[in-house]
Asker: 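Take a look at the following structure, please.
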Amino acid sequence: NQMSETIYYRASGSVRGDCGHHHRTAAAAWECCHRDSAACGRLSGGAYSDREVVRSDGRDLDESDRAQIDVAQEAAYGY
């Protein structure tokens with residue numbers, strides 16, 4: 001019986017780097033990306049965040065992951 005690896009999510013970008021957290025859900029990682037983007041937006045000089053949600057297993061986000069992110073975006077943006 002092979003135990004499955006626990007999947008976690010990170011907010012990561014090639015410029016901004018990794019958030020340093022192991023989020024249990026894709027939605028939580030998206031919220032981390034959103035906070036980083038807002039923080040960068042408050043800086044001068046046109047700073048922006050390139051972080052995006054990535055899975056710990058290196059696989060692409062699946063339909064369930066994307067659905068979680070959609071719900072988080074709707075809550076954040078009110079649409």
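Atom set for the values below is all heavy atoms of this structure, side chains included, hydrogens, waters and symmetry mates excluded. Nothing fancy with the numbering, it's 1 onward along the sequence. Please read all numbers here as calculations on a predicted model, not as lab measurements.
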Asker: Using atom types as modelled and distance alone, determine if a side-chain donor or acceptor of D36 lies under 3.5 Å from a backbone N or O of S49.
Answerer: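 It does not hold such a pair.
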
Asker: Do H22 and Y8 make the cut of ring centroids closer than 6.0 angstrom?
Answerer: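 Distance test on ring centres: under 6.0 Å, yes.
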
Asker: Working to the nearest 0.5 angstrom, can you tell me the gap between I7 CD1 and R59 CZ?
Answerer: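 Nearest 0.5 Å value for the CD1-CZ distance: 7.5 Å.
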
Asker: Any side-chain heavy atom of L61 within less than 4.5 Å of one from V53?
Answerer: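 The answer is yes, as the side chains (C-beta and beyond) meet within the 4.5 Å cut-off.
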
Asker: Nearest 0.5 Å, please: how far is CD in E31 from CD in Q73?
Answerer: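 Q73 CD to E31 CD: 10.5 Å, rounded to 0.5 Å.
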
Asker: With the side chain counted from C-beta on, respond yes when C40 and R16 share a heavy-atom pair under 4.5 Å apart, and no when they do not.
Answerer: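 Answer yes - side chains close enough.
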
Asker: Go through the structure and list residues passing side chain to side chain contact (heavy atoms under 4.5 Å, CB included) with A67, not counting sequence neighbours.
Answerer: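 Expected list: none.
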
Asker: Below 4.5 Å, heavy atoms only, C-beta onward: do R51 and S12 meet side chain to side chain?
Answerer: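 Not touching, per the 4.5 Å side-chain cut-off.
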
Asker: Quick check: are there more than 12 heavy atoms from other residues, nucleotides or ligands sitting under 6.0 Å from CD of E74?
Answerer: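 Enclosed.
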
Asker: So how far is it from E52 CD to S37 OG, rounded to the nearest 0.5 Å?
Answerer: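 Here the interatomic distance stands at 12.5 Å.
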
Asker: Is there a path of hydrophobic side-chain contacts, each under 4.5 Å between heavy atoms, that joins V54 and W30?
Answerer: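 Different clusters: V54 never reaches W30 through Ile, Leu, Val, Met, Phe, Trp or Tyr contacts under 4.5 Å.
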
Asker: Below 4.5 Å, heavy atoms only, C-beta onward: do C32 and H21 meet side chain to side chain?
Answerer: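 Counting from C-beta outward, C32 and H21 do come under 4.5 Å.
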
Asker: Out of curiosity, H23 NE2 to S56 OG, how far, rounded to the nearest 0.5 Å?
Answerer: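 Reported value, rounded in 0.5 Å steps: 12.0 Å.
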
Asker: Looking at every heavy atom in both D65 and A26, which two are closest together, and how far apart are they?
Answerer: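 What the structure gives for the nearest pair is O-CB, 3.7 Å.
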
Asker: Nearest 0.5 Å, please: how far is CG in D57 from CD in E5?
Answerer: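 Interatomic distance, E5 CD to D57 CG, rounded to 0.5 Å: 6.0 Å.
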
Asker: With sequence neighbours excluded, tell me which residues meet salt bridge (charged side-chain N to carboxylate O under 4.0 Å, His left out) with R35.
Answerer: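 For R35, no residue satisfies salt bridge (charged side-chain N to carboxylate O under 4.0 Å, His left out) once neighbours in sequence are set aside.
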
Asker: On the 0 to 90° scale, with breaks at 30° and 60°, tag the H34-Y77 ring pair as parallel, tilted or perpendicular.
Answerer: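 Perpendicular, since the angle between the ring planes exceeds 60°.
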
Asker: Could you report the tightest heavy-atom contact between Y9 and R55, atom names first, then the distance?
Answerer: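 Closest heavy-atom pair between Y9 and R55: CE2-CG, 3.5 Å.
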
